[in-house]
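Right, one structure below, let's go through it.
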Amino acid sequence: MINITLPDKSIKAFESYPNGMDVALSISEGFAKNCVAMEINGKMVDLNREIKEDSSLRFITTKDKEALEILRHSAAHVMAEAVQNLYTDAALTIGPVVEDGFYYDIDMKPVSEEDFPAIEAEINNIIKAKKTFERKVVTSEQALEIFKNNPYKTELIQELAAQTAEQELSLYQQGGFTDLCRGPHIPHTGMIKGIKLMKTSGAYWRADQSKAQLQRLYGTAFFDKKDLNAYLHLIEEAKKRDHRKIGTKLDLYSFHQEAAGMPFFHAKGMAMWNVLLEYWREEHKRAGYVETKTPVMLSRHLWEQSGHWENYRENMYTSVVDEEEYAIKPMNCPGGMLLYKTGSYSYRDLPLRAGEIGLVHRHEKSGALSGLFRVRAFHQDDAHIFMTPEQIEGEILGVLQLVNRIYSRFGLGFHLELSTRPKKSIGSDEQWEEATNGLKNALNKYGKDYVINEGDGAFYGPKIDIHIKDALGRTWQCGTIQLDMALPERFDLSYKGADNEKHRPVMIHRVIYGSIERFFGILVEHFAGKFPLWLAPVQAVILPINDDLAPYAHGVSSQLSEYGIRCDVDTRTESLKKKIRDAQVNYTPLIITIGDKERESLTLSVRTLDGNVKMGMTMDGFVKSVVKHIKNRVFEDIVL
RNA sequence: GCCGGCGUAACUCAGUUGGUAGAGUAGCUGAUUCGUAAUCAGCAAGCCACCAGUUCGACUCUGGUCGUCGGCUCCA
């Protein structure tokens, strides 16, 4: 007699050893159909596993989060079989589940998207055949024999054998196809209802450039075709928001092959840029920061002292000036160190919060460049905070609060990640402990959940990374708060304590926008080009309904400009309808039509992007409410 | 940097058995002077990314360079 305890504490009894499917069927046939795998005493296994002792059991159904991973893992096997069937000399390596699907790295001739239809057709044959996944346990010797023609699997088996004491490995077989795998898998291939190959790329075996280049095939899979379609739709949406496209359309910035990876900002882009910085300066002033500026190019000696020459040399642009070697700064901190050293500080001067909008250059690999998201020249909204060790917690908390203020203004949510001491690091255990605890205490006090990335910190100190979430739910790392225990040492920074002794200040290095270029790009995609009024490159466009009204329209424009409203006048000899349409597709928040009526009554007729038109607004009334809306940087659309 | 795709007018894109190129939008000119999401007509615009090669002849085929896109790697 076997007793199975279900999560609701009910107990099912079986005469002989049941497998998961038997238990599921004992609940109901419909339920069993949606079961994907099960967890027995906390261990995830296949549904067809026989249960030989009293156990607690939890079914994983298609609704559970884990189910999708299991499905995709199985889908990876199906794709691997399809590829193997079509390309008989292909050697499989590894095929894990990733965030939006799965991939399989395969040693084979390069494939492109043109090959997808054939592979997908084969995949669908396998799915239609409803092949079951059979688990087999073998010894590592047997496994080595089975995969003797595949050097990658051989390497994996040898590694696994060295790790596992029992020397037992599991294989999964679907029809005639066998793969090394921990499992579990879905009961049969027919459960995959929506599957699609997404892209290909090269990838190195074990992510090592010196090793074989493999073909990575990306795919995704769902239990329901509808989910697949929704996912594909999301990708389409993201494509429409591509900041490279919108930036061109709205005339914000451009890229040129004469300066790869170095964006050009146009007048309208700069208008937004300046708004972003104006806001930044306002918030930072309020938070007790001063603003500084350090040179773009500094002598090699400085970089040797900071350690960049040794650790970051390959990303730095250099030049020789009067026979002395210079480097264009990839980071602002060494310059910031020199600034600190020009003064002498008492503990009463700390914390010292010195911000800098610093233009940095980094020679990124050509293949890494991508619009505004990954560039070679960018501005960091940097700041260095010098403080006493006791101030760490309070200062970090202050930065977190500032981060929250600033991101909220754009309607961006965020989450926090704490990265701790990596294997390769400098500094003593005590220093690390004190620093890491400082960060943790601040995080706890801040009260928002955070993820810990063990060993992911910088070699010179632990850090908090801030990941924002945009309107499509995509996350981006922007802000970072890094505790630096190296530079104050290397530059011999000090302050006078209350004890009249010299002490070493602690330094943090933090950004909020991160790269202003990148943050800009994120905002473009986040808003899909439809910016809040305060941020819009052109806030109002004035449309005279005939040519005679053009001079008056220009007059209105200069009046509005006096109040800091960014406006354009559309004097093209086009129909009003046409001008309105153009203003709408460019997401100009305020569309002002000027006709004889308006001129005579000195009023404005204002159309907002929602299509509402407010006629007969007085200039005063309009300016008052618009200026207030802009000044308060209201996120929501203006209602007149 | 590596793998694969792509590079045609300012923008978005057509253009296959190799015979020096089109469309829409934007621009310009003219007509229309218009009341809330596209008025009409005409014109101009391209060394088909660049450099070699194959060929009588290359946008088209081959090689290389640059840029770009998706990944790998890296990261703000």
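Residue numbers start from 1 in every chain, and the chains themselves are labelled A, B, ... in the order their sequence lines are given, proteins ahead of strands.
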When you compare B/C56 with B/C51, how far apart are their C1' atoms, in angstrom units rounded to a whole number?
23 Å
Expressed in angstrom and rounded to an integer, what is the separation of A/Asp107 atom CG from B/C3 atom C1'?
13 Å
Identified salt bridge (charged side-chain N to carboxylate O under 4.0 Å, His left out) partner of A/Glu356 from the options A/Arg281, A/Lys329, A/Lys293
A/Lys329
Short side-chain to backbone donor-acceptor contact, A/Thr588 and A/Ala540, under 3.5 Å:
no
Could you tell me how far B/A45 sits from B/G22 if I compare only their P atoms? Round to whole Å.
13 Å
When the nearest nucleotide of RNA chain B is assigned to A/Val606 and to A/Arg244 on a heavy-atom basis, which residue is associated with the more 5' position?
A/Val606
Can you check each nucleotide of nucleotides 24-34 of chain B against protein heavy atoms at under 4.0 Å and return B for base, S for sugar-phosphate only, - for none, in 5' to 3' order?
--SS----BBB
Whole-Å C1' distance, B/U62 and B/G24:
35 Å
For atom NZ of A/Lys239 and atom C1' of B/U12, their distance in whole Å:
15 Å
With a non-hydrogen cut-off below 4.0 angstrom, is A/Leu369 in contact with a base, only sugar-phosphate, or nothing?
sugar-phosphate
Quiz question: going by heavy-atom distance under 3.5 Å, is there a donor-acceptor pair between the base of B/U68 and the side chain of A/Ser370?
no
Length of the line joining A/Gln215:CD and B/C3:C1', which is rounded to integer Å:
6 Å
Closest heavy-atom contact between A/Leu372 and A/His243?
N-NE2, 2.8 Å
Could you state the atom-to-atom distance from CG of A/Leu217 to C1' of B/C3 in whole Å?
12 Å
Any donor-acceptor N/O pair, A/Lys579 side chain to A/Arg572 backbone, under 3.5 Å
yes
At under 4.0 Å between heavy atoms, what does A/Glu258 touch on the DNA or RNA strands: base, sugar-phosphate, or nothing?
nothing
Check whether the side chains of A/Tyr460 and A/Gln482 place a donor and an acceptor atom closer than 3.5 Å, and report yes or no.
yes
NA contact type, A/Lys579, heavy-atom cut-off 4.0 Å: base, sugar-phosphate, or nothing?
nothing
List, one per line, each side-chain donor-acceptor pair under 3.5 Å for residues 194-204 of chain A, sequence neighbours excluded.
none

Got a donor-acceptor contact below 3.5 angstrom from the A/Arg566 side chain to the A/Ala536 backbone?
yes
Would you check if the distance from the ring center of A/Tyr587 to the ring center of A/Phe527 is below 6.0 Å?
no
In a check of ring-ring contact (aromatic ring centres under 6.0 Å, His included) between A/Tyr218 and each of A/Tyr104, A/Tyr103, A/Phe102, which one passes?
A/Tyr103
Can you check the distance between B/G70 and B/G57, where both ends of the measurement are the C1' atom (answer in whole Å)?
37 Å
Step through it carefully: locate the ring centre of A/Phe222, locate the ring centre of A/Tyr231, and say whether they are under 6.0 Å apart.
yes
Pairwise P distance for B/G46 and B/U8, with rounding to whole Å:
15 Å
Reading nucleotides 61-66 of chain B from the 5' end, what letters show protein touch, with B for base, S for backbone sugar-phosphate only, - for no heavy atom under 4.0 Å?
-----S
Using atom C1' of each nucleotide, how far apart are B/U16 and B/C48 to the nearest Å?
16 Å
Where RNA chain B forms runs of at least three Watson-Crick or G-U pairs (i with j, i+1 with j-1, under 3.5 Å), the stems are B:1-7 with B:66-72, B:10-13 with B:22-25, B:27-31 with B:39-43, B:49-53 with B:61-65
Check whether the side chains of A/Thr420 and A/Glu454 place a donor and an acceptor atom closer than 3.5 Å, and report yes or no.
yes
Looking only at atom P, what distance separates B/C66 and B/C75, rounded to whole Å?
25 Å
Pair A/Tyr317 and A/His363, ring centroids less than 6.0 Å apart:
yes
Short side-chain donor-acceptor distance under 3.5 Å, A/His509 and A/Asp484
no
Spacing between A/His266 atom NE2 and B/C11 atom C1', to the nearest angstrom
13 Å
Across the strands shown, which category fits A/Gly371 at heavy-atom distances under 4.0 angstrom: base, sugar-phosphate, nothing?
sugar-phosphate
Please check this pair: side chain of A/Asn150 against backbone of A/Tyr152, looking for a donor-acceptor N/O pair closer than 3.5 Å.
yes
Tell me: CG of A/Asn586 to C1' of B/A38, nearest whole Å?
13 Å
Spacing of A/Lys245 atom NZ relative to B/G70 atom P, expressed in whole Å:
10 Å
Quick test of your reading: applying salt bridge (charged side-chain N to carboxylate O under 4.0 Å, His left out), list the pairs with at least one residue in residues 600-617 of chain A, sequence neighbours left out, ordered by first then second residue.
none
Rounding to a whole Å, what distance do you find between A/Lys597:NZ and B/U36:C1'?
11 Å
Can you tell me, in whole Å, how much space there is between the C1' of B/U12 and that of B/C6?
15 Å
Starting at the 5' end of nucleotides 71-76 of chain B, put B wherever the base has a protein heavy atom under 4.0 Å, S where only the sugar-phosphate does, and a dash everywhere else.
BBSBBB
Looking only at heavy atoms, which two atoms of A/Met507 and A/Cys333 are closest? And how far apart?
CE-CB, 4.5 Å
